[in-house]
Undergrad: 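Have a look at this one.
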Amino acid sequence: MFCALFIKMVRDNPQKMKSDYLKKLYVLYVFAKTSFDDHMGHRLRLFFRFVMCVFFMFVFIEFWRLIARENFIDLPFPIDDVCWYACLTQMMLFLSPRLFISIDQDVRSGDISYLLIRPISYIAMRVSEGIGAMSANALLYYTAGIACVGFYIGDLPSTGWVGLGTALLFLYLGSILHLMYQAISGITALWLQQAEAFYRIYQKILIVLGGLYMPIPLYPDWLYTLSKFTPVYVMMYGPAQFVLGWDNGESSAEILGLLLFWFAVTIFLLGWFYRACVSRLEVNGG
Amino acid sequence: MGKGTLSYLWVLLKLNMKAALALRAAYAVRTIFNIGNHAIYLFLWVVIFKTIPSIGGWRMEHILIAYGLGILTWGLLSFFAAGLRTLPRQIDEGSLDVYLTNPRPLLMNIALGSTQYAGPAEIIFGLVVLTIAGHLTSVSIPLLIFLGLCAFIVFASLVLAYGSLGFWLKDYHASAEEMYFNFFIMATRPEAVFHNWMGWVIVTIMPIAFMTHIPLRALIDDNIYALGLTLFGTTLSAITAYAVFRTGLKRYESGNRFGVHG
């Protein structure tokens with residue numbers, strides 16, 4: 001709601017904004033909006049990626065159906081719920097654009113020197129663009145993607161629309177956090193000349209500790225506990241667990257509290273890391 | 001391939017090796033990160049197989065072979081044919097002009113035009129994983145190496161075919177990179193997961209089955225039919241990818257590229 005009010009205000013009369021802070025927010029909103037429009041404009045690319053995502057979600061459904069058929073373990077959740085869970089975690093990986101590649105390219109091509117002299121934070125600009133592109137993805141994945149998954153599984157999760165809606169909302173917020181870690185990975189290109197190496201490590205941690213392959217309560221206890229103390233917990237498992245119909249799940253308030261905590265930590269980390277990298281660039285050159 | 005082309009190929013390979021070793025500290029850090037990245041993924045499968053003893057008849061040793069083949073393939077591609085991975089970006093930037101005016105084979109120039117420094121470490125790590133898997137399953141090592149090369153051809157063909165879509169799709173590089181990575185991940189999933197229509201997908205439009213699933217049958221079950229099928233799939237993938245590339249190339253235009261390659 002605050003977001004909608006802000007957009008209305010800046011649309012009505014951006015010149016009247018007295019505060020520098022609001023002006024900067026408006027500029028970031030424009031970056032996000034431009035990126036959203038640009039992303040929606042590339043329909044063929046959007047569709048192609050969507051088809052891939054749906055295929056991978058179906059593969060995950062079959063993966064869990066196979067495990068359920070073979071009956072080697074007693075799942076504490078209904079099988080349809082696990083299938084929904086697997087699809088949502090897979091969707092989370094596809095939801096956000098590859099922000100670290102954009103930053104990596106800026107560093108490698110040297111364009112970052114031109115972007116740094118703009119009167120707006122470079123990293124805030126890139127994250128805003130990422131949020132814009134992610135919103136375009138969310139529009140498609142949350143409608144057509146959910147419809148495809150529902151059709152393939154044949155039923156809603158046992159927590160119904162409420163559980164699914166809550167999961168999707170937190171998945172969106174978790175993906176913003178994911179974008180920030182992508183930005184951190186991208187900045188490592190200033191040191192390593194390539195952002196991919198760091199990103200791949202982060203991505204694997206996200207996949208393992210986030211619970212992409214299976215819900216983390218099925219992990220050994222020590223790994224489950226370890227996961228709870230990492231930000232990837234609120235990016236992937238935290239949101240997706242709302243479709244798992246069981247009593248030991250976290251409440252919305254707990255996940256929201258954890259998300260806010262990790263947002264604060266990550267913003268601080270990103271800002272510090274960004275400043276350290278930029279000062280290194282200024283001292284040593286690109 | 002003439003003698004001149006072979007010596008040119010050797011020079012390109014040497015240049016790529018020199019480039020990889022130019023910044024040694026950064027190279028060492030990236031290598032450690034890359035090995036860590038693969039080790040984490042293998043660890044995940046260890047955790048999964050601790051919980052679930054078998055998935056569609058696959059156990060840890062099957063995953064080790066599939067993943068070993070996958071890493072080896074990824075490493076070979078990154079080091080010897082990284083240019084194929086960046087093909088969509090090169091198309092967007094009009095960078096193919098440099099190669100089109102060169103008398104040497106176009107595809108070889110594109111493939112070896114750039115390198116990913118992680119390649120050698122991934123090749124070594126893949127071979128180590130395959131050696132462990134070979135020891136656990138007592139499969140034929142020469143056959144394993146041969147099938148590793150087939151897997152490389154299939155994966156390179158996949159990357160070429162899907163990368164060539166950049167001739168039709170603009171600003172497609174990031175999506176393509178994501179797709180290559182997902183092909184690699186899918187190829188390391190148990191074969192039984194892909195049943196019914198999915199089974200057709202992984203032998204036709206996304207022929208990852210020829211990378212790991214079918215070679216695995218040839219290796220573990222000594223299935224001659226599977227070996228023949230792998231060879232057939234490898235050849236067909238290469239021919240199809242080249243055809244897609246040639247078709248796309250007819251659409252290529254450099255536009256108003258502003259800049260010169262030295």
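Keep in mind that this is a model prediction, so the values were computed, not measured.
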Undergrad: Given that the side chain runs from C-beta out, which part of A:Arg65 has a heavy atom under 4.5 Å from chain B: side chain, backbone, both or neither?
TA: neither
Undergrad: On the six-membered ring of A:Phe60, is B:Arg189 placed so that its NZ or CZ lies under 6.0 angstrom from the centre and within 45° of the ring axis?
TA: yes
Undergrad: In terms of the angle between their ring planes, are A:Phe48 and B:Tyr162 parallel, tilted or perpendicular, with boundaries placed at 30° and 60°?
TA: tilted
Undergrad: Verify the neighbour count for atom CH2 of B:Trp168: are there more than 12 heavy atoms of other residues, nucleotides or ligands below 6.0 Å?
TA: yes
Undergrad: Determine whether B:Asn182 and A:Phe94 make a side-chain contact, defined as any pair of heavy atoms from C-beta on separated by less than 4.5 Å.
TA: yes
Undergrad: Once rounded to the nearest 0.5 Å, what's the spacing between atom CZ of A:Arg200 and atom OH of B:Tyr41?
TA: 11.5 Å
Undergrad: Between B:Phe43, B:Phe181, B:Phe194, which has the largest tally of heavy atom pairs under 4.5 Å with chain A?
TA: B:Phe181
Undergrad: CG/B:Leu44 to CG/A:Leu223 distance, rounded to the nearest 0.5 angstrom?
TA: 9.0 Å
Undergrad: CD1/B:Ile55 to CH2/A:Trp64 distance, rounded to the nearest 0.5 angstrom?
TA: 8.0 Å
Undergrad: Would you check if B:Phe183 and A:Met52 make a side-chain contact, meaning some heavy-atom pair closer than 4.5 Å?
TA: yes
Undergrad: Measure A:Ile201 against the heavy atoms of chain B and call it side chain, backbone, both or neither at under 4.5 Å.
TA: both
Undergrad: Taking all non-hydrogen atoms of both residues into account, name the closest pair between B:Met198 and A:Val59 and its distance.
TA: CE-N, 3.5 Å
Undergrad: Atom CG of residue position B:Asp221 - does it have more than 12 heavy atoms of other residues, nucleotides or ligands inside 6.0 Å?
TA: yes
Undergrad: Any idea which heavy atoms bring A:Met214 and B:Ile48 closest together, and the distance?
TA: CE-CA, 4.0 Å
Undergrad: Let me know if B:Leu169 has heavy atoms under 4.5 Å from chain A in its side chain, its backbone, both or neither.
TA: side chain
Undergrad: Looking only at heavy atoms, what is the nearest atom pair of B:Val193 and A:Glu62, with distance?
TA: O-CB, 3.3 Å
Undergrad: How many angstroms lie between atom CZ of A:Phe58 and atom CG of B:Asn196, to the nearest 0.5 angstrom?
TA: 13.0 Å
Undergrad: Enter the distance from A:Ile67:CD1 to B:Ile52:CD1 here, rounded to the nearest 0.5 Å.
TA: 3.5 Å
Undergrad: Measuring from B:His173:NE2 to A:Ile101:CD1, what's the distance to the nearest 0.5 Å?
TA: 5.0 Å
Undergrad: Just checking A:Phe47: does its CZ atom have more than 12 heavy atoms from other residues, nucleotides or ligands closer to it than 6.0 angstrom?
TA: no
Undergrad: Would you call B:Val47 and A:Tyr213 a side-chain contact if the rule is heavy atoms closer than 4.5 Å?
TA: no
